[in-house]
Novice: 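This is the structure I have questions about; it appears just below.
Bear in mind the structure is a predicted one, so any value in this text is a computation, not a measurement.
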Amino acid sequence: MDKRWKKVAAAVLSATAILLSGCMPTQGERSAKQADLPQIVVGSDNYEPYNYIDKNGEFTGIDVDLAREAFHRMGYEPVFIKIDWENKDTYLAEGEVDCLWGCFNMTGREALYAWAGPYMCSRQVVVVRSDSGIEKLSDLAGKRIGVQATSKPETIWLDRTDARIPKPGWVYCFSTMNSLYAALRKDY
């Protein structure tokens with residue numbers, strides 16, 4: 001009896017797999033359907049591993065995959081263009097992009113944009129050189145701080161609205177995280 005049920009189950013699973021494989025669109029069919037979709041221009045910057053341009057010059061990363069899937073479900077074909085994140089509002093206002101997609105914190109900006117909602121929670125971290133002697137946040141008082149321009153850390157360090165954040169000596173704003181890390185490695 002046990003062998004008979006296994007054979008029946010295997011036959012049902014095989015038939016289901018055959019039926020489903022006939023219903024699934026091929027890659028070519030998916031591409032053809034996507035080519036018929038209206039395009040939406042998505043502005044993004046380079047922020048690995050979330051969004052970046054790979055060695056073939058194509059946008060890739062976690063955010064890119066999420067955006068493609070979300071837009072396909074809404075009936076759009078996303079077209080990604082690299083933007084200078086500092087000028088994101090200008091790109092939107094002038095219609096060069098239809099929307100932004102990237103690691104962009106909603107907190108404190110709720111009324112500035114039409115948000116789709118958060119898709120992940122993140123936290124701010126401090127990176128220091130291992131030989132810096134900095135062990136806790138309060139050790140940053142009077143020190144040179146580097147942040148990415150237009151980011152949440154820039155707001156945190158410059159607005160000084162949180163009593164837990166020490167007053168730095170200087171806050172340097174970099175246009176990319178790569179520039180920021182290069183400055184840290186060179187001990188600027």
Novice: Could you work out, with side chain to side chain donor-acceptor pair (under 3.5 Å) as the rule, every residue matching Asn178, not counting sequence neighbours?
Specialist: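 For Asn178 there are no side chain to side chain donor-acceptor pair (under 3.5 Å) partners, ignoring immediate neighbours.
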Novice: Apply side-chain contact (heavy atoms from CB on, under 4.5 Å) to the pair Val171 and Val147, showing each step before the final yes or no.
Specialist: CA-CA 7 Å; Val171 177; Val147 297; 4.0 Å; yes
Novice: Can you tell me if Tyr52 has over 12 outside heavy atoms packed within less than 6.0 Å of its OH?
Specialist: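 Yes - once you tally the heavy atoms of other residues, nucleotides and ligands closer than 6.0 Å, there are more than 12.
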Novice: Taking Asp54's backbone N and O only, do any of them form a donor-acceptor pair with Glu58's side chain (distance below 3.5 Å, no angle check)?
Specialist: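 Answer holds: no.
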Novice: In terms of side-chain heavy atoms, does Asp89 have a donor or acceptor partner in Tyr113 at a distance below 3.5 Å?
Specialist: yes
Novice: Please determine whether side-chain contact (heavy atoms from CB on, under 4.5 Å) holds for the pair Leu100 and Tyr91, giving the CA-CA distance in whole Å, both sets of side-chain angles, and the decisive distance to 0.1 Å.
Specialist: CA-CA 9 Å; Leu100 304 171; Tyr91 290 104; 5.6 Å; no
Novice: Minimum heavy-atom separation for Trp157 and Pro166, please, with both atom names.
Specialist: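 Smallest interatomic distance, heavy atoms only, reads CZ3-O, 3.3 Å.
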Novice: I'd like to know if the side chain of Ser44 pairs up with that of Asn51 as donor and acceptor (distance under 3.5 Å, no hydrogens or angles considered).
Specialist: yes
Novice: From Asp162 CG over to Thr155 OG1, what is the distance, rounded to the nearest 0.5 angstrom?
Specialist: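 One finds 12.5 Å between CG of Asp162 and OG1 of Thr155.
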Novice: Measure across Glu96 and Val41 and return the closest heavy-atom pair with its distance rounded to 0.1 Å.
Specialist: O-CG1, 3.5 Å
Novice: Name all residues meeting the ring pair (Phe, Tyr, Trp, His ring centres under 6.0 Å) criterion together with Phe80; count only those two or more places apart in sequence or in a different chain, and write none if there are none.
Specialist: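 With sequence neighbours excluded, Phe80 shows a ring pair (Phe, Tyr, Trp, His ring centres under 6.0 Å) to Phe59, given in chain and number order.
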Novice: Determine the interplanar angle of the Tyr172 and Phe174 rings, folded into 0 to 90°, and report it as parallel if under 30°, tilted if 30 to 60°, perpendicular if over 60°.
Specialist: tilted
